[in-house]
A.B. asks: 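Have a look at the structure that comes next, please.
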Amino acid sequence: MKVLVTDFSGVYRESGFLLWLKKEAGEGLTIVDYTRLEGTCCYCTAQEKIFSELPSRLPVVRWIDSGDYHYMSHLLARREKEPFHLLLLDHHPDNQDPVFEGVLSCGAWVKAMQEENPLLQSVLSVGPEGCPEDIPETWLRERRGERLYVSLDKDIMDRPWARTDWTQGAYTLPQVKEMLRRAMEGGMQVAAVDICGELPVFKGGCGEDLRINFETNKELYKHITTLLNQ
């Protein structure tokens, strides 16, 4: 399975997940190192530099670091060539107005995608207050055969399954895996799946936090790989 890792914080090395991925994905693993790039955490002033360093052909599965870099979903989706729908599994809607005009951020990237990406057809957010608690069957049925971009922030899950530096939801890992199964087997064409929600050491992550996120990442990788290979 081909996998992309965008490394901003070094957290995947800290947790051991990067080493594990290298063994699982082998030559299918692509790592883009942004750790020395300034202007990336939460508010991105380096988006064109980031975008220019992405591979022209992207793997379907992408690990994009902590929620501070969730705006990567918007930049990655700029590589799409055909219309798609966005399914966001997240404790936050990420559709705020930008704090600084013209500056992409982790809390406003959905709004930026809606305004700037003409291929985006619709957005379904599951998890935030006021949004559906699960994927409506009608949403999948009405889009059968169309392309789906799934973006998962692990902060949708409670602390036994994920550790982040953002407020977290109450979903369990089995619930998230079931939503992924329904989305990816629901008759739509899976264009991409990206995952964020890490807790780096420099943001306060401890050994237990890294271990929990590592175990959840492994489970998600195995689950997503199985679904894509069916």
Side-chain angles (χ1 to χ4, degrees), residues 4 58-64 66-98 104-158 161-162 164 166-197 216 219-220 223-224 226-228 230:
L4 172 71
L58 293 171
V60 172
V61 181
R62 302 103 184 247
W63 253 269
I64 59 175
S66 82
D68 294 345
Y69 311 98
H70 204 167
Y71 59 75
M72 282 301 300
S73 300
H74 174 42
L75 299 184
L76 291 164
R78 284 173 56 183
R79 285 274 194 253
E80 295 298 319
K81 305 298 183 185
E82 300 176 54
F84 67 95
H85 302 270
L86 174 66
L87 170 62
L88 176 63
L89 307 178
D90 197 323
H91 188 55
H92 311 90
D94 290 353
N95 62 352
Q96 305 169 21
D97 291 325
L104 184 63
S105 76
C106 59
W109 67 268
V110 172
K111 186 177 179 66
M113 186 186 287
Q114 290 173 314
E115 293 176 349
E116 298 172 15
N117 195 323
L119 296 177
L120 177 63
Q121 304 299 292
S122 69
V123 177
L124 173 64
S125 291
V126 174
E129 184 177 353
C131 294
E133 297 180 357
D134 202 346
I135 306 167
E137 196 62 42
T138 53
W139 192 86
L140 292 171
R141 187 168 58 248
E142 290 169 356
R143 291 159 179 80
R144 180 174 290 274
E146 299 179 28
R147 300 175 74 252
L148 175 67
Y149 191 121
V150 181
S151 185
L152 166 63
D153 190 329
K154 297 204 304 288
D155 71 15
I156 195 173
M157 289 183 274
D158 206 349
W161 295 275
T164 79
W166 297 87
T167 56
Q168 293 185 213
Y171 287 80
T172 66
L173 177 57
Q175 287 175 317
V176 168
K177 289 170 67 175
E178 175 59 17
M179 285 194 290
L180 289 171
R181 185 198 65 77
R182 290 184 56 237
M184 296 173 70
E185 293 182 343
M188 297 182 73
Q189 302 175 41
V190 180
V193 182
D194 70 39
I195 304 99
C196 68
T216 292
E219 286 296 308
L220 289 171
H223 186 60
I224 292 166
T226 299
L227 292 170
L228 288 173
Q230 288 178 352

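All values below were derived from every heavy atom in this structure, side-chain atoms included, with hydrogens, water molecules and symmetry-related copies excluded. Positions are given from 1 along the sequence.
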A.B. asks: Begin with the C-alpha distance, continue with both residues' side-chain angles, and end with the deciding distance and a verdict on side chain to side chain contact (heavy atoms under 4.5 Å, CB included) for Trp166 and Asp90.
C.D. replies: CA-CA 11 Å; Trp166 297 87; Asp90 197 323; over 6 Å; no
A.B. asks: Does the plane of the ring in His85 sit parallel, tilted or perpendicular to the ring in Trp139? Use 30° and 60° as the thresholds.
C.D. replies: perpendicular
A.B. asks: Testing the basics here: between Met157 and Ala162, what is the closest heavy-atom pair and its distance to 0.1 Å?
C.D. replies: CB-CB, 4.1 Å
A.B. asks: Flag the pair Met113 / Val123 as yes when at least one side-chain heavy-atom distance between them is below 4.5 Å, and no otherwise.
C.D. replies: no
A.B. asks: Of the non-hydrogen atoms in Asp153 and Gly67, which two are nearest, and what is the gap between them?
C.D. replies: OD2-CA, 4.1 Å
A.B. asks: Side-chain donor-acceptor pair under 3.5 Å between Tyr71 and Asp94, yes or no?
C.D. replies: no
A.B. asks: Any side-chain heavy atom of Leu104 within less than 4.5 Å of one from Leu75?
C.D. replies: yes
A.B. asks: If you measure from the Lys or Arg side-chain nitrogens to the Asp or Glu carboxylate oxygens, is any gap between Arg141 and Glu137 under 4.0 Å?
C.D. replies: no
A.B. asks: Say you draw a straight line from CG of Leu86 to OG of Ser122; how long is it, rounded to the nearest 0.5 Å?
C.D. replies: 8.0 Å
A.B. asks: Work out which heavy atom in Ala183 is nearest to a heavy atom in Ile135; give both atom names and the distance.
C.D. replies: CB-CD1, 3.8 Å
A.B. asks: So, does Gln175 use its side chain to make a donor-acceptor pair with the main chain of Thr172 at under 3.5 Å?
C.D. replies: yes
A.B. asks: At what distance, to the nearest 0.5 angstrom, does OG of Ser125 lie from NE2 of His91?
C.D. replies: 13.0 Å
A.B. asks: Does Trp161, at its CH2 atom, have more than 12 non-hydrogen atoms belonging to other residues, nucleotides or ligands within less than 6.0 Å?
C.D. replies: yes
A.B. asks: A side-chain contact here means heavy atoms from C-beta on lying under 4.5 Å apart; do Pro93 and Val110 qualify?
C.D. replies: no
A.B. asks: Looking at CD of Glu82 and CG of Leu119, how far apart are the two atoms once the value is rounded to the nearest 0.5 Å?
C.D. replies: 8.5 Å
A.B. asks: Let me see the working for Asp134 and Arg182 under side chain to side chain contact (heavy atoms under 4.5 Å, CB included), right down to the final yes or no.
C.D. replies: CA-CA 10 Å; Asp134 202 346; Arg182 290 184 56 237; 3.0 Å; yes
A.B. asks: Start with the C-alpha distance between Phe84 and Asn117, add both sets of side-chain angles, then the distance that settles side chain to side chain contact (heavy atoms under 4.5 Å, CB included), and finish with yes or no.
C.D. replies: CA-CA 10 Å; Phe84 67 95; Asn117 195 323; 3.8 Å; yes
A.B. asks: Kindly check if the number of other-residue, nucleotide or ligand heavy atoms within 6.0 Å of CD (Glu133) is above 12?
C.D. replies: no
A.B. asks: Taking the side chain as every heavy atom from C-beta outward, state whether Leu173 and His223 have any atom pair closer than 4.5 Å.
C.D. replies: no
A.B. asks: Verify side chain to side chain contact (heavy atoms under 4.5 Å, CB included) between Val126 and Tyr171, making sure each step is shown before the conclusion.
C.D. replies: CA-CA 11 Å; Val126 174; Tyr171 287 80; 4.0 Å; yes
A.B. asks: For residues Leu124 and Arg143, determine if any side-chain heavy atom of one lies less than 4.5 Å from a side-chain heavy atom of the other.
C.D. replies: no
A.B. asks: So, for Ile64 and Cys196, which heavy atoms are closest and what is the spacing to 0.1 Å?
C.D. replies: CG1-CB, 3.6 Å
A.B. asks: A side-chain contact here means heavy atoms from C-beta on lying under 4.5 Å apart; do Val60 and Ile224 qualify?
C.D. replies: no
A.B. asks: In Å, rounded to the nearest 0.5 Å, how long is the span from CD of Gln230 to CE of Met184?
C.D. replies: 8.5 Å
A.B. asks: Roughly how far apart are Glu116 CD and Trp109 CH2, rounded to 0.5 Å?
C.D. replies: 12.5 Å
A.B. asks: With rounding to the nearest 0.5 angstrom, report the CD1 to NE2 distance, Ile195 to His70.
C.D. replies: 9.5 Å
A.B. asks: How close do Thr164 and Lys154 get, counting heavy atoms only, and between which atoms?
C.D. replies: CG2-C, 4.4 Å
A.B. asks: Side-chain contact test, heavy atoms from C-beta onward, threshold under 4.5 Å: evaluate it for Val190 versus Leu227 and give yes or no.
C.D. replies: no
A.B. asks: Would you call Leu76 and Leu4 a side-chain contact if the rule is heavy atoms closer than 4.5 Å?
C.D. replies: yes
A.B. asks: I'd like to know if the side chain of Asp155 pairs up with that of His92 as donor and acceptor (distance under 3.5 Å, no hydrogens or angles considered).
C.D. replies: yes
A.B. asks: Quick one: closest heavy-atom pair of Pro98 and Lys111, and the distance?
C.D. replies: CD-CD, 4.5 Å
